[in-house]
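Take a look at the structure set out below.
Naming: A, B, ... by sequence-line order, numbering from 1 per chain.
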Amino acid sequence: MTNEQDRYSPEAVERKWRERWERDGVNRLTEAQLANAENPYYNLMMFPYPSAEGLHIGNIYAYTGADVNGRFQRLNGKDVFQPIGFDAFGIHSENHALKVGGNPYDLIPKNIENFTRTLKRFGGMFDWNHTVDTTHVSYYRWTQWVFLKLYKAGLVERREAPVNWCPSCMTVLANEQVVSGLCERCESTVEQRQLPQWFFRITDYAGQLLDNLSDMDWSDVTKKAQSAWIGRSQGADVSFAIAGGGADGEKARIRVFTTRPDTLFGATYMVLAPEHPLVDAITTADAQPAVNAYRAEVAGRDLVERQKTDKEKTGVFTGGYAINPANGARIPIWIADYVLMGYGTGAIMAVPGHDARDFEFAQAFGLPIVRVIAAPGEDAATPLTEAYPGDGTLVNSGDFDGLTVEDAKQAIVERLEAEGSAKAQTNFRLHDWCVSRQRYWGPPIPIIHCTDCGAVPVPEDELPVELPYLQDFRPDDSGQSPLARAEDWFNASCPACGKDAHRDTDVTDNFLCSGWYFLRYPSTGRDDLAIEPQLTAKWLPVDCYIGGNEHAVLHLMYARFLTMALHELGIIGFSEPFKRFRAHGLLIREGRKMSKSKGNVISPDAIINQYGADTLRLYLMFLGAYEQGGDYRGSGIQGPFSFLNRLWQSVAEADDDPDLPPEPAIERALHRTIRQVSEQLPEQQFNTAIAAMMEYMNVVRAGGRTPRIAELAPLVVMVAPFAPHVCEELYERLGFKGGLFASAHWPTYDPAKVVHETLNIAVQVNGKLRGEVTVTAEAGEDSVREAAELDGNVARHLAGKRVRKVIYVPNKLINLVAA
RNA sequence: GCCCGGGUGGUGAAAUCGGUAAACACAGGGGACUUAAAAUCCCCCGGAGGCAACUCCCUGCGGGUUCAAGUCCCGCCCCGGGCACCA
């Protein structure tokens, strides 16, 4: 039956089905289908950033996993909505355009075209009827609309703030975009600048963002990363009176945040951040020169230097004193750069006995160290050679002596609360989201500044505020966007009073574009509104979102925040956007990370040319655990390629009789395979599911036997999510009509047929494997033991011994413990 | 420094609740089919000893618990990622 023409030719098969799917609209949903779907399943993956380099194999890896899920759900009867789009605004594109001397307006469409070609070629089941391009006015007018909605809800504010300034990108960065003092994009050292900026008040939602995590079906690693980033700490605000503060001494109090109010009696000094506003008021005349010098020194020190944790503690005494509200002690007030203005209140009570940093500082400057917590076996007098941060009971703490740390926290706060000098407080590490960028390639902020009316939002019906095509869009060091130089655009009349005014020149952070795109996909057919309520209610929240964990604290948290905000505004009916999120691992190559600089990047196009998209997809899903990542080895692709060839040949050589039932032994193997694959695919355990199908193939083909159609058809359907083109072809060749993805159903298994008729039971003597016996499935412990003792080798190891104990693990193992 | 992953054959990797370590593949070796190649089919493939039956050793290192440990506990080492003076 095999002849030259029947050979598996990936190129021809894939072209045929790509064209057929396109022609028949197999993957596209019409507006009516979108509106009326009975079993909606929204399968989302992170839309790509269309760079000039083309789609990376890492993207294909991510998308294949998500596409396998979408195709699997579809074969299980779901109406799968699987859109894709392009996240094309942002500094990366802008910098690239500057480098090559073009304009992103001209370059981006070419990149998108190139990405689209590869996305179609790798076989993603994308609905190209519902796509977004964040740089198109049809999208970003609604990004501006989102901004205005939040603005009107009071979640946006403009404030002069010390912001992270990247001198190379010449723009402001969010905290999340500063990686150990360096710009996330270009790795320049980030500086601090005071600039007016637009902020989203994400911290209003810090508690909710954290609390919701606990019962969300997300990858654990992602939840942990978010929870660490939000960084809740529970404690108390305590205020310390300034000693001898003159007439207004009563008013001037220093507020500190502490997670250890139980150690208050051990607070022997205070430290303020050098930038703290009370420093000048506290500093005595004598100390002023030293304080000034220190503050100048810290201000001049770059951020990277200041953030190093291993350097020696520095600081100076202000000459001022505060009163410890617990015991009335006069304690000195210092300033030091290890206290940060950006966290808590910018001031701390220092408890050197029980905080490592304070201990180090106290030692360096000869400040008193008092023990207030005693661990078991210690008492008030036990000397401290290092800070003791652990648990224990209170000592040297007046009335509170003897309380446990936990009880004392509450008791001390209660006492001080009654006196008006403390209150319980929760602090978050999370900062507000700075969304303005002094750059060109982004959606302009829809605000007009008027000398009389101040900042006035552009009326919604005047959106979009179009981004003008600028010949010269280089950023400058002015702290203003290049848009400030576009006079025609810059000048506008005030929407409130009609007077001459000017537009806000900042554009929004790229993460705002990507923070709501999944809300837009179902509504892309609508030009008159951003988010169509009924479609949104039908399809959202997203059923499954798959993407890289590098976005755990950036994109995913912003998307959650925007969803919460829009929910509170009544625009959407849910407050968490993604029911399920799975982080895939990193694809590396031969043990090393792939990167352009190392020159070891794999081009998906080259692999597809050689082996076809189906083999590439199958290999990517086979080479390791999807959630762990994997190592791409060039030679390994041969395995999946052979597998598809064998599948092809099996179909070509199959017995023609479609009614011939499977051979019984093979049928059992088939049902076991169906069970395993059906259980593992929805859990993204792709590699072992593929191994199971390969194993089944070995059974079907054993000895070159002629397979039967009934043995192959379910396999073709199960392989289809991984290798959709060739499986469509084989499905057709097996005589089925209507197209696999349009009409086939996922195979089911019969529990009665997955059981083995006989079992191999391992036999151990004293825990060591000494033999194996084959018994019927119904055999009980006694008959297994009997059979085991008959085994020659087992009998030898038992000779002269008496069996004292038998451990029997049904269906697996029997261990004869003998002495 | 802290928090997450991870360390298993020549290689990529498997191994529910502690229950036959190395499934499935790649590479390598041998054979069948073929004029030939491709594709396909069969066999071998952790180390040491042995003609073989079989025995001993082996999941980063050192201890422990257990009839039984890749898996659990204690103490280390190494690699990858994240966070980093967060009060």
Side-chain angles (χ1 to χ4, degrees), chain A residues 2 4 6-8 179-181 220-221 224-225 227-229 231 233 235 256-260 271 306-311 313 336-340 342-351 355-358 360-361 427-429 549-550 552-553 585-586 588 590-591 593 619 622-625 627-643 645-646 648-650 653 679 687-695 697-698 701-705 760-772 792-793 796 804-809 811-818:
Chain A
T2 310
E4 199 55 33
D6 265 346
R7 290 275 299 285
Y8 172 41
V179 178
S180 48
D220 215 39
V221 281
K224 281 179 176 151
S227 128
W229 189 265
S233 42
V256 302
F257 173 72
T258 177
T259 55
R260 294 296 304 274
V271 186
R306 187 165 167 188
Q307 280 178 3
K308 280 190 182 154
T309 58
D310 51 358
K311 68 178 164 46
K313 293 276 180 291
D337 69 349
Y338 83 94
V339 174
L340 310 172
Y343 186 78
T345 62
I348 61 160
M349 62 178 217
V351 184
D355 179 280
R357 295 155 303 179
D358 298 343
E360 205 185 310
F361 190 83
N427 247 2
F428 294 94
R429 185 182 167 276
N549 211 39
E550 65 274 18
V553 295
L586 186 70
I588 60 172
E590 276 147 22
K593 219 168 156 171
Y619 179 49
F622 178 66
L623 50 66
E627 293 192 49
Q628 292 294 321
D631 193 346
Y632 191 102
R633 304 256 156 180
S635 60
I637 198 167
Q638 201 53 238
F641 184 61
S642 297
F643 176 73
N645 263 301
R646 298 172 77 202
W648 182 277
Q649 282 213 348
S650 300
E653 294 168 10
E679 284 170 359
N687 55 337
T688 46
I690 293 168
M693 294 189 286
M694 287 174 165
E695 223 169 330
M697 170 65 77
N698 290 339
R701 293 290 283 174
R705 69 181 280 279
N760 293 333
I761 306 286
V763 183
Q764 294 182 341
V765 177
N766 290 332
K768 292 204 169 207
L769 184 69
R770 296 302 179 191
E772 195 178 76
N793 199 39
R796 245 194 29 243
R804 299 187 178 271
K805 193 173 170 188
V806 178
I807 286 124
Y808 176 61
V809 183
N811 304 337
K812 293 226 160 168
L813 163 148
I814 187 162
N815 186 9
L816 306 172
V817 183

Which nucleotide, [options], lies nearest any side-chain atom of [X]?
X      : options             : answer
A:T258 : B:U20, B:C85, B:A87 : B:A87
A:K593 : B:G6, B:U55, B:G81  : B:G81
A:V339 : B:C26, B:A87, B:C42 : B:A87
A:Y338 : B:C24, B:C85, B:A87 : B:C85
A:Q638 : B:C57, B:U20, B:C26 : B:C26
A:R357 : B:U40, B:U20, B:C86 : B:C86
A:S635 : B:A27, B:A68, B:A25 : B:A27
A:R770 : B:C56, B:A25, B:C85 : B:C56
A:K224 : B:G5, B:C67, B:A25  : B:G5
A:Q649 : B:G12, B:U40, B:A25 : B:U40

When you measure from the side-chain N and O atoms of [X] to the phosphate of [N], is any distance below 4.0 Å, counting only OP1 and OP2?
X      : N     : value
A:R804 : B:C67 : no
A:N698 : B:A25 : yes
A:K768 : B:C57 : yes
A:R429 : B:A84 : yes
A:R646 : B:C41 : yes
A:N793 : B:U55 : yes
A:Q764 : B:G19 : no

I'd like the [atom1] distance from [M] over to [N], given in whole Å.
N     : M     : atom1 : value
B:G18 : B:G31 : P     : 48 Å
B:C2  : B:G9  : P     : 29 Å
B:C86 : B:G5  : P     : 23 Å
B:C54 : B:C43 : C1'   : 22 Å
B:U8  : B:C58 : C1'   : 10 Å
B:C61 : B:U71 : P     : 11 Å
B:C41 : B:A27 : P     : 14 Å
B:G12 : B:G62 : C1'   : 30 Å

inquiry  = Syn or anti for B:C45? Use the chi torsion, O4'-C1'-N9-C4 for purines and O4'-C1'-N1-C2 for pyrimidines, with syn inside 90° of 0.
reply    =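 It is anti.
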
task = For B:G9, measure the glycosidic angle (O4'-C1'-N9-C4 for a purine, O4'-C1'-N1-C2 for a pyrimidine) and name it syn if it falls within 90° of 0, otherwise anti.
result =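 Base orientation relative to the sugar is syn.
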
message = Nearest whole Å is fine: how far is B:A13 C1' from A:L623 CG?
response =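 Rounded to the whole Å, the gap is 10 Å.
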
query = Do the non-hydrogen side-chain atoms of A:Y338 and A:D358 ever get within less than 4.5 Å of each other?
reply =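 Yes; the side chains approach each other to less than 4.5 Å.
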
ask   = Centres of the A:F641 and A:Y619 rings: under 6.0 Å?
value =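 No: the rings miss the under 6.0 Å criterion.
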
query = Given pairs defined as Watson-Crick or G-U wobble with both distances under 3.5 Å, what dot-bracket annotation applies to RNA chain B, with ( ) intrastrand, [ ] crossing, | other strand and . unpaired?
reply = (((((((..(((......[....))).(((((.......))))).((((....))))..(((((..]....))))))))))))....

request  = Take A:G703 and A:R796, find for each the nucleotide of RNA chain B with the closest heavy atom, and name the residue whose nucleotide sits nearer the 5' end.
outcome  =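 Upstream on the strand: A:G703.
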
request  = Hey, could you give me the CG/CD1 distance between A:N811 and A:I761, rounded to the nearest 0.5 Å?
outcome  =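 Rounded to the nearest 0.5 Å, the CG-CD1 separation comes out at 6.0 Å.
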
